[in-house]
Structures are given as C-alpha cells and as structure tokens.
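Structure, as structure tokens:
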Number of protein chains: 2
Amino acid sequence: MNMEPIKQRYSRQRETILQVVQSTLVHPNADWVYKETRKIIPNISLGTVYRNLNQLVESGRILKLKDEAMVRYDGNTGQHDHFRCSKCGKWYDVELIDQSIFKSFAEKHDFQIESFNLELEGTCKNCLDS
Amino acid sequence: MNMEPIKQRYSRQRETILQVVQSTLVHPNADWVYKETRKIIPNISLGTVYRNLNQLVESGRILKLKDEAMVRYDGNTGQHDHFRCSKCGKWYDVELIDQSIFKSFAEKHDFQIESFNLELEGTCKNCLDS
DNA sequence: AAGTTAATAGTAATAGTTACTGTTATGTTT
DNA sequence: AAACATAACAGTAACTATTACTATTAACTT
Ligand SMILES: [Mn+2]
Ligand SMILES: [Mn+2]
Ligand SMILES: [Zn+2]
Ligand SMILES: [Zn+2]
C-alpha cells in the first residue's frame, strides 16, 4: 500500500528562519534574515535561507512583499496594509483599510479580482522630526 | 553673465524611447522598450534605454511600475490604477478608485502620506476563457 | 568656428536571486 | 535496529535586471 509522498520534512534551519521572521516588525529582506539566522546557526547557507523563505511563503506561513528591487518578508500573516517611508525605506504596518469599496469595484470588471493590495508611501514620523 | 546650466539636451534616442512607451498599453519592461526602439534605431544601446527611461520617469513624462522582480513603464501619466493577471502577467489599466476613503485614512496617521497605490491582482478575462 | 559637456555605444561590474552538486539527515519500511 | 529513499543541506556557480565606467560623438553656447 502506498502512502502519500512526504511533502516537507522538519529542518532546524527552516524553523529557525521562521522564528527569525516572526520575531521582528522590520519586514526584513533575505540578507537580514540570513545575518540574524547565522547568529543561531553560524554555518547556514544563504541559498538555504532563500529556499526556505520561498517555501514558507508558498505554505502561507509568511508573506512576501515587494520593495524597490528587493523582496521583503512579513511574519504577520493577518490582514493588514503597509506604509513605506520613501526617506528611510522602513515599512510600517497599518490597519487594513475598509474593503467594501473594493468589492463594489470588483463587480464592475470582468477580471476575476483575487486580491487588493494597498501601498501607502510618504514620510514617517521619525524622518519628519529629524 | 552666467546663464542657467543646461539640464537636458535633445536626443533622438530619448524621444524615440518616449514615443515607444507612449504608443503601447502593455506597460513594458526595459527589454521590451529596447527591442522596439531597436527597430527604429538599430544600434541603440541597452544602457541608453535604461538611462533614458530613468530620466523620463524623473521628469514625470512616464510612470514607473514595480512588477515581480522587474520594473515596468507606463506612458499614461494620468491618474489610474492597475490590475495584474497572475496567470499571464499582463497589466491592465482600470479607472482610479475613489480616493476619498484614503484621505480620511491618512488623517488617522502620523505618517505624512504622499501617495496611495492600489494594486489589483487576479485572473484576466483572456485567461478565464481559455 | 571653437569650446563645453550631455549623451552615446559598448562593455564591465554589481546585486539579488536561483540552480546545481555532492553530502547529510529526516522520516519510512523492513 | 538496519537499510532505504529522498528532502534538505552547505557551498558554489550561474543567471538576470540594472547600474557604472570609458572613450567617442553630438547638442547647444559663446
Ligand atoms: Mn506587515
Ligand atoms: Mn497604466
Ligand atoms: Zn522614515
Ligand atoms: Zn491573464
């Protein structure tokens, strides 16, 4: 009798990477995750970080965000929007904007709209003050 | 007496690149623009295309869009939003969503919000039919 | 016409990411 | 518990989009 083939095995590397991403609010890129994870697993390979980040995205355990010419990751998988400071490049969470207008918007189109992604940009409090 | 220094000189390359971007609805990437422009200026360099696309963005004559791991350009500088098909990767223009909710949203934050960018994603009519 | 320098073609370099390869380790089957 | 199958690994090479460099050309100024 054939069992379902194994889809994913446990690895200390993957669990550590997940914890690293989940433990921060900075919405890090792969290199940041690599450097942080190396503090725990000093000989981990950058390729391993990329491969596992992609897997974690695919399995829905983290989110993938597009920055300028770079990918960022988010351990917060709850629904929320983002604000990006164009001065310092930092990403901030903001509460999800009311989706109702989007739904009525979707009805007007013959596209099958699956997701609305709102990106806010401007200058953050920190950069305004200094 | 000193005149203002010249900021930008005319170049056939730049004007052709602008016309190429303005003449299409495909929201092309640099390579597409390069190939199209080569039909008119066969020996144009890819570096020239990149440099001029960046200048045209800076001077506000075209728009810059972020795709998955690539930049796209838009000759339509009027206010509008975009829908991206996750199946075929094509970008479509959609009318600008009502901005009023965004404005009230902005008032709730201590960020200085300068732009709202709405990205719609899903499956386009073409891909649904086939 | 001579001078200044923006813009160019062509090419090298960079940065982020993915692919490859031989080895290790996780989970399964006997 | 031993043998097995293969997911995952570390290390490294390759790839892709973009930018930087350099010697030459051409747009504008005087
Ligand atoms: Mn977030
Ligand atoms: Mn458009
Ligand atoms: Zn800032
Ligand atoms: Zn499509």
Side-chain angles (χ1 to χ4, degrees), chain A residues 1-21 26-59 61-73 89 91, chain B residues 1-21 26-59 61-73 89 91:
Chain A
M1 184 182 278
N2 268 343
M3 289 192 58
E4 270 291 289
I6 294 160
K7 289 285 162 54
Q8 188 169 270
R9 288 182 187 169
Y10 168 85
S11 88
R12 184 161 88 95
Q13 286 85 345
R14 185 185 302 120
E15 284 316 303
T16 307
I17 288 164
L18 177 60
Q19 279 166 27
V20 164
V21 176
V26 303
H27 304 83
N29 62 11
D31 202 59
W32 190 97
V33 176
Y34 176 51
K35 282 175 183 138
E36 284 302 306
T37 309
R38 267 202 303 190
K39 293 178 183 169
I40 304 161
I41 308 176
N43 70 326
I44 195 170
S45 162
L46 180 57
T48 298
V49 172
Y50 272 104
R51 183 167 16 83
N52 281 296
L53 284 171
N54 284 339
Q55 280 185 212
L56 290 166
V57 169
E58 265 184 72
S59 62
R61 297 206 280 177
I62 64 176
L63 297 180
K64 189 174 192 167
L65 311 169
K66 312 178 251 186
D67 199 352
E68 308 277 303
M70 211 191 333
V71 174
R72 284 170 173 262
Y73 300 90
W91 284 62
Chain B
M1 182 182 280
N2 269 343
M3 291 191 57
E4 270 291 291
I6 295 162
K7 290 284 162 53
Q8 188 169 271
R9 289 181 186 170
Y10 168 86
S11 89
R12 184 161 88 94
Q13 286 83 347
R14 186 184 302 119
E15 285 315 304
T16 307
I17 287 164
L18 177 58
Q19 278 166 28
V20 164
V21 176
V26 304
H27 304 82
N29 63 9
D31 201 60
W32 190 96
V33 176
Y34 175 51
K35 282 176 182 141
E36 283 301 306
T37 309
R38 267 203 302 190
K39 293 178 183 170
I40 303 160
I41 307 176
N43 69 326
I44 196 169
S45 162
L46 180 58
T48 298
V49 172
Y50 272 105
R51 183 167 15 82
N52 281 297
L53 285 170
N54 284 340
Q55 282 185 211
L56 291 167
V57 170
E58 265 184 70
S59 61
R61 296 207 280 175
I62 65 175
L63 298 179
K64 189 175 193 168
L65 312 169
K66 308 179 254 183
D67 200 351
E68 309 276 304
M70 211 192 335
V71 174
R72 284 169 174 261
Y73 300 91
W91 284 61

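This one's a predicted model, so the numbers in the text were calculated from it and none came from an experiment. Sequence lines set the chain letters: A, B, ... in the order given, protein chains first and strands last, and positions in each chain run from 1.
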Can a side chain N or O of [X] be found less than 4.0 Å away from OP1 or OP2 on [N]?
X: B:Asn54; N: D:dT19; value: yes
X: A:Gln13; N: D:dA10; value: yes
X: B:Gln55; N: C:dA6; value: no
X: B:Arg14; N: C:dA7; value: yes
X: A:Ser11; N: D:dC9; value: yes

Between [N] ([atom2]) and [X] ([atom1]): distance, integer Å:
X: B:Arg12; N: D:dA27; atom1: CZ; atom2: P; answer: 10 Å
X: B:Leu53; N: D:dT19; atom1: CG; atom2: P; answer: 10 Å
X: A:Gln8; N: D:dA5; atom1: CD; atom2: P; answer: 23 Å
X: B:Tyr34; N: C:dT11; atom1: OH; atom2: P; answer: 11 Å
X: B:Leu65; N: D:dT18; atom1: CG; atom2: P; answer: 12 Å
X: B:Glu58; N: C:dA7; atom1: CD; atom2: P; answer: 11 Å
X: A:Ile41; N: C:dT24; atom1: CD1; atom2: P; answer: 17 Å
X: B:Tyr10; N: D:dT25; atom1: OH; atom2: C1'; answer: 15 Å

Taking every non-hydrogen atom, the tightest pair across [X] and [Y]:
X: A:Ala30; Y: A:Val49; answer: O-CG1, 3.9 Å
X: B:Asp67; Y: A:Lys66; answer: O-CD, 3.9 Å
X: B:Leu53; Y: B:Tyr73; answer: CD1-CE1, 3.5 Å

(request) Compute both the distance and the angle, then confirm whether A:Arg14 meets the cation-pi test with A:Tyr10: under 6.0 Å from the six-membered ring centre, within 45 degrees of the axis. (result) no
(request) Determine yes or no for a side-chain-to-main-chain donor-acceptor pair under 3.5 angstrom, with A:Arg38 supplying the side chain and A:Leu46 the backbone. (result) no
(message) Can you list everything that forms a ring-ring contact (aromatic ring centres under 6.0 Å, His included) with B:Trp32? Sequence neighbours excluded, please.
(response) none
(request) Would you work out how much the helix from C:dA1-D:dT30 to C:dT30-D:dA1 bends between its ends, with each end axis defined by five base pairs, to 10 degrees? (result) 30°
(request) Before accepting this row, confirm whether a basic side-chain N of the pair A:Lys39/A:Glu36 lies closer than 4.0 Å to the acidic partner's carboxylate O. (result) yes
(message) What I want to find out is whether B:Arg61 reaches B:Glu15 closely enough, with some N-O distance under 4.0 Å, to be called a salt bridge.
(response) yes
(message) Would you say that B:Thr37 contacts B:Gln13 through its side chain, given a criterion of any heavy-atom pair below 4.5 Å between the two side chains?
(response) no
(request) Check every strand shown and say whether A:Asn52 touches a base, only sugar-phosphate, or nothing at a heavy-atom separation below 4.0 Å. (result) sugar-phosphate
Contact list (N/O, under 3.5 angstrom) for nucleotides 11-17 of chain D vs protein:
from, atom 1, to, atom 2, distance (Å)
D:dG11, OP2, A:Asn43, O, 3.4
D:dG11, N7, A:Ser45, OG, 3.1

